[in-house]
Amino acid sequence: MDSARAEYLVERYADLLLRVGYTWLGDRDDAQDICQNVLIKLLERPRDFPDTGQERAWVIRLAVNECKNWKRSAWNRHRAPLEEGAALSTENPEPESGTLLERVQALPEMYREVIFLRYYEGYEVREIAKLLGVPAPLVSTRLKRAKEKLKIMLEGSEYA
Amino acid sequence: MRDGFEQYRAELNSVKLTENEKAALVRTLTERESARRPVRVLRTALIAAALCVACLALCAAGWVGYQTATGGQVYREGNYEVFSALNAEPPVEARDGRLWFVADGQEVDITDLIGEKTPYVYKVEDQNADYTNYVIVGGTVEDYGFADVLVYSNREPGNDLAVIDGGASWAYGAETAEKADVSDKEHPEGWKPWFLTGMEQLGLGW
């Protein structure tokens with residue numbers, strides 16, 4: 001194994017992958033698994049891209065697919081954490097109650113994923129549509145509804 | 001929303017690996033043999049309140065009482081039953097724009113048999129005296145879901161079902177994700193129409 005490449009990938013993409021995993025799955029420990037699984041795939045299946053932007057988009061797409069597969073395999077829609085799972089410590093604690101991030105995370109998945117891609121990663125609607133494999137108008141609708149829901153959630157708060 | 005997403009970006013930036021975690025990750029990636037983290041028993045989806053989740057020791061013991069069509073497993077320990085979806089696999093595969101039901105050794109093209117309100121219901125023939133196992137599939141190629149339903153013959157009504165669901169679209173609807181924590185019979189509005197229709201066909205309607 002090329003440790004230099006592993007170091008490069010970790011340095012360049014580990015935090016991004018963690019954030020994608022956290023956004024999609026809502027759990028830092030799960031996100032860490034996603035992070036590692038995708039990095040393994042990047043190591044096993046290296047690809048050349050004309051620019052770093054396309055490479056980053058590909059990495060995000062891999063991570064999104066990994067999250068979807070993770071959910072299917074874990075069957076974790078209605079979930080009950082094991083006690084030992086709940087007791088796992090994290091060096092980065094969950095965001096404090098009431099942070100904007102936590103409120104975004106409280107949105108349904110289809111809304112928080114578009115919020116992440118549009119307002120964190122800065123993708124345009126058509127780029128998000130391509131990345132998620134859904135029609136662009138659907139992305140626009142989800143963004144609109146996500147912002148409406150957030151606006152309601154934030155009424156009266158410091159973020160309003 | 002004043003500068004709201006700037007704040008969101010700043011807070012999400014705090015979700016990151018520590019330097020120690022990154023170093024450990026590099027080591028793990030470099031040592032390919034130990035590249036994958038240990039499998040954790042994390043989640044299960046339950047309706048039956050009497051079921052509990054605590055199966056690491058039982059998995060280690062390797063004793064399986066019953067296996068559902070999707071690979072979910074029911075164990076017994078004393079007075080407890082433990083339901084694990086750890087080894088479960090989706091019973092549906094999307095290939096070339098078609099949906100195939102592949103559980104229990106089947107290979108059925110169900111693309112034209114299902115819809116948003118129309119389920120494909122499969123009953124497992126090899127039934128156990130204590131359980132009856134069904135798989136319900138519904139939706140579209142782009143937005144399908146499935147539910148593995150385990151009916152307990154020895155339980156009181158209201159405490160006789162276990163359901164695990166999954167797919168591109170979960171049986172318990174994404175649009176009602178805020179209600180996902182109350183996945184019980186008292187909240188049928190959370191479930192997809194094809195699931196409710198399927199349950200009705202089975203005489204398990206809510």
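Each chain gets a letter, A, B and so on, in the order the sequences are listed, and its residues count up from 1.
- The environment of CD in Glu148(A) is crowded: more than 12 heavy-atom neighbours from other residues, nucleotides or ligands sit within 6.0 Å.
- Atom OH of Tyr8(B) and atom OH of Tyr119(A) lie 11.0 Å apart (nearest 0.5 Å).
- Val26(B) and Ala6(A) make their closest contact through CG2-O, 4.2 Å (heavy atoms, listed as atom of the first residue, atom of the second, distance).
- Around CZ of Arg145(A), the count of heavy atoms belonging to other residues, nucleotides or ligands within 6.0 Å does not exceed 12.
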Test side-chain contact (heavy atoms from CB on, under 4.5 Å) applied to Leu17(B) and Gln32(A), step by step | CA-CA 9 Å; Leu17(B) 295 175; Gln32(A) 223 171 320; 4.0 Å; yes
Start with the C-alpha distance between Glu21(B) and Arg28(A), add both sets of side-chain angles, then the distance that settles salt bridge (charged side-chain N to carboxylate O under 4.0 Å, His left out), and finish with yes or no.
-> CA-CA 13 Å; Glu21(B) 285 173 329; Arg28(A) 191 185 186 281; 3.0 Å; yes
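- Going from atom CZ of Arg9(B) over to atom CZ of Arg19(A) covers 12.5 Å, rounded to the nearest 0.5 Å.
- Counting only heavy atoms from C-beta outward, the side chains of Lys22(B) and Glu7(A) never approach each other to under 4.5 Å.
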For Val15(B) and Leu101(A), run side-chain contact (heavy atoms from CB on, under 4.5 Å): C-alpha distance rounded to whole Å, both residues' side-chain angles, the deciding distance at 0.1 Å, then the answer.
-> CA-CA 10 Å; Val15(B) 178; Leu101(A) 174 59; 4.0 Å; yes
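- Contact annotation for Ile115(A): both backbone and side-chain heavy atoms come within less than 4.5 Å of a heavy atom of chain B.
- Side-chain contact check for Thr23(A) versus Leu12(B): some heavy-atom pair is nearer than 4.5 Å.
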Is there a side-chain contact (heavy atoms from CB on, under 4.5 Å) between Thr30(B) and Arg5(A) once you walk through the steps?
-> CA-CA 9 Å; Thr30(B) 306; Arg5(A) 174 143 177 85; over 6 Å; no
Can Leu150(A) and Phe5(B) be said to form a side-chain contact (heavy atoms from CB on, under 4.5 Å), step by step?
-> CA-CA 11 Å; Leu150(A) 263 182; Phe5(B) 290 108; 4.1 Å; yes
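- Judged by distance alone, with hydrogens and angles left aside, the side-chain atoms of Glu11(B) form no donor-acceptor pair with the main-chain N or O of Thr99(A) at under 3.5 Å.
- Interface residue Phe116(A): backbone and side-chain heavy atoms are both found under 4.5 Å from chain B.
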